Amino acid sequence: TAAVSAGCSERENFLEIEMPTEVRSIEQLSSPPGTASTGVEPGKIVATLQAGEMAHVVAVYHGENFDGFKVKLADGTEGLIMAGDTFKFVSR
């Protein structure tokens, strides 16, 4: 899994939720002893966002099994939103 920082410019990036969308915990992938792992995978549901809510994009993940966005919610909760069509990407 590769993570790409989404904060390269002065503009901030957000996901504007259009349909109920799950935010999942971020689980580190285990790796064989002696090797470093930078991989993550989605864990349990930590929040469900509703239409009209916003999630601040912290990073973008492109993995073998999923693509997703690491987000930080207004209450400080961080998690993953899986790529899909329940939101639109906006910059401000």
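For clarity, every value in this text was computed on a predicted model and none was experimentally measured.
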Rounded to the nearest 0.5 Å, what's the gap from CZ on Phe87 to CE on Met82? Could you check? 9.5 Å
State yes or no: are the ring centers of Phe89 and Phe14 separated by less than 6.0 Å? no
Which value, rounded to the nearest 0.5 Å, describes the distance between Leu49 atom CG and Thr86 atom OG1? 9.0 Å
Between Thr48 and Pro20, the two heavy atoms sitting closest are CG2-CB, 4.4 Å
Looking only at non-hydrogen atoms, find the nearest pair between Gly79 and Val23 and report the distance. CA-CG1, 3.8 Å
Is it the case that Ser25 and Glu27 place a side-chain donor and acceptor less than 3.5 Å from each other? yes
Met54-Val71 co-clustered via ILVMFWY side chain contacts under 4.5 Å: no
Gap between atom NE2 of His56 and atom CG of Asn13 - 0.5 Å precision: 7.0 Å
Please answer whether the main-chain N or O of Met19 pairs with a side-chain N or O of Thr21 as donor and acceptor at a distance below 3.5 Å. yes
Using modelled atom types and a 3.5 Å cut-off, is there a donor and acceptor pairing between side-chain atoms of Arg24 and backbone atoms of Leu80? no
Contact summary for Asp67 and His62, nearest pair of heavy atoms: OD1-CA, 3.2 Å
Quick one: list whatever passes side-chain hydrogen bond (donor to acceptor under 3.5 Å, both in side chains) with Glu18, sequence neighbours left out. none
Measuring from Ile81:CD1 to Lys70:NZ, what's the distance to the nearest 0.5 Å? 13.0 Å
For residues Glu16 and Val90, report the shortest heavy-atom separation together with the two atoms involved. OE1-CG1, 4.0 Å
